[in-house]
Visitor: 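Please see the structure below; I have some questions.
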Amino acid sequence: MMTMRKKRRISYAEKAKKQRMRLYGFLTVICLLFACTLAPLADNGIHEVCVIADAGDTLWSICEAFKPEDMDLRLFIEKVKYENKLTSSALSIGQEIVIPLS
């Protein structure tokens, strides 16, 4: 006696469910890849700030407000002096100082 296996027929609803699950998985992967590529591009476009010195302002006090957390203040002051082509830390009233933010 030979037994024949019955081939299970997959219904249309089951096929449609599998296709939807594959589509959802594919779309999830695409969305994650898209989000990961946009994350480094998120930039506010501001790379520097222009500050006008007022009476009583020092380069130290101006730089202290804008320095990155992981940078020493003295190094940041030197960077600001270099960017503005300053030879000393003395400021005049009304002098424009460009502060780099990166």
Side-chain angles (χ1 to χ4, degrees):
M1 253 199 233
M2 199 153 62
T3 57
M4 294 185 76
R5 284 190 185 181
K6 287 186 178 180
K7 190 173 185 181
R8 183 172 177 238
R9 299 192 105 197
I10 299 175
S11 70
Y12 177 76
E14 290 176 3
K15 285 181 183 179
K17 185 177 179 180
K18 283 184 180 181
Q19 286 178 345
R20 277 194 308 271
M21 295 307 290
R22 286 185 191 140
L23 179 64
Y24 294 152
F26 176 74
L27 290 176
T28 302
V29 169
I30 294 298
C31 288
L32 287 174
L33 288 174
F34 184 69
C36 290
T37 57
L38 286 182
L41 298 177
D43 187 11
N44 60 4
I46 300 173
H47 301 287
E48 60 188 27
V49 174
C50 184
V51 177
I52 299 175
D54 199 6
D57 282 344
T58 62
L59 195 57
W60 185 279
S61 64
I62 292 173
C63 290
E64 195 170 28
F66 293 101
K67 85 168 187 68
E69 290 182 15
D70 60 342
M71 183 180 270
D72 184 41
L73 182 59
R74 292 169 293 201
L75 292 175
F76 188 65
I77 290 172
E78 290 300 318
K79 183 177 180 179
V80 170
K81 284 172 62 176
Y82 177 78
E83 292 288 325
N84 290 282
K85 297 175 180 63
L86 299 175
T87 55
S88 72
S89 297
L91 297 177
S92 303
I93 296 174
Q95 183 177 359
E96 292 184 7
I97 304 296
V98 176
I99 309 290
L101 297 179
S102 55

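Starting from 1, each residue takes its place in the sequence as its number. Hydrogens, waters and symmetry mates play no part in the numbers below; they use all other heavy atoms, side chains included.
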Visitor: Hey, what else clusters with Y12 if you join Ile, Leu, Val, Met, Phe, Trp, Tyr whenever side-chain heavy atoms sit under 4.5 Å?
Guide: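 Same cluster as Y12: nobody, lone residue.
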
Visitor: Tell me which pairs pass salt bridge (Lys or Arg N to Asp or Glu O under 4.0 Å) where either residue lies in residues 60-72, with sequence neighbours left out.
Guide: D72-R74

Visitor: Which distance, rounded to the nearest 0.5 Å, do you find between the SG of C63 and the CG of L73?
Guide: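 Separation between the atoms: 6.5 Å.
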
Visitor: With rounding to the nearest 0.5 Å, note down the distance linking CD1 in I97 to CD in E83.
Guide: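 Rounded to the nearest 0.5 Å, the CD1-CD separation comes to 12.0 Å.
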
Visitor: Taking atom CG of L32 and atom OG1 of T28, what is their separation to the nearest 0.5 Å?
Guide: 6.5 Å

Visitor: Between atom NE2 of H47 and atom CG of L101, what is the distance when rounded to the nearest 0.5 Å?
Guide: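 CG of L101 is found 9.0 Å from NE2 of H47.
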
Visitor: List in chain and number order the residues that pass salt bridge (Lys or Arg N to Asp or Glu O under 4.0 Å) with E78, two or more places apart in sequence or in another chain; answer none if no residue qualifies.
Guide: K81

Visitor: Which other residues end up in the same hydrophobic cluster as Y24, if Ile, Leu, Val, Met, Phe, Trp and Tyr are linked when side-chain heavy atoms come under 4.5 Å apart?
Guide: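 Via sub-4.5 Å side-chain contacts, Y24 links to M21.
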
Visitor: To the nearest 0.5 Å, what is the distance between CZ on F76 and CD1 on I62?
Guide: 11.0 Å

Visitor: Compare every heavy atom of K79 with every heavy atom of P100, then report the nearest pair and how far apart it is.
Guide: CG-CE, 4.0 Å

Visitor: Which donor-acceptor pairs under 3.5 Å do the side chains of residues 84-93 make with protein atoms, sequence neighbours left out?
Guide:
from, atom 1, to, atom 2, distance (Å)
N84, OD1, V98, N, 2.9
N84, ND2, V80, O, 2.8
N84, ND2, V98, O, 2.9
S88, OG, A90, N, 3.4

Visitor: Who passes side chain to side chain contact (heavy atoms under 4.5 Å, CB included) against I52, sequence neighbours left out?
Guide: E96

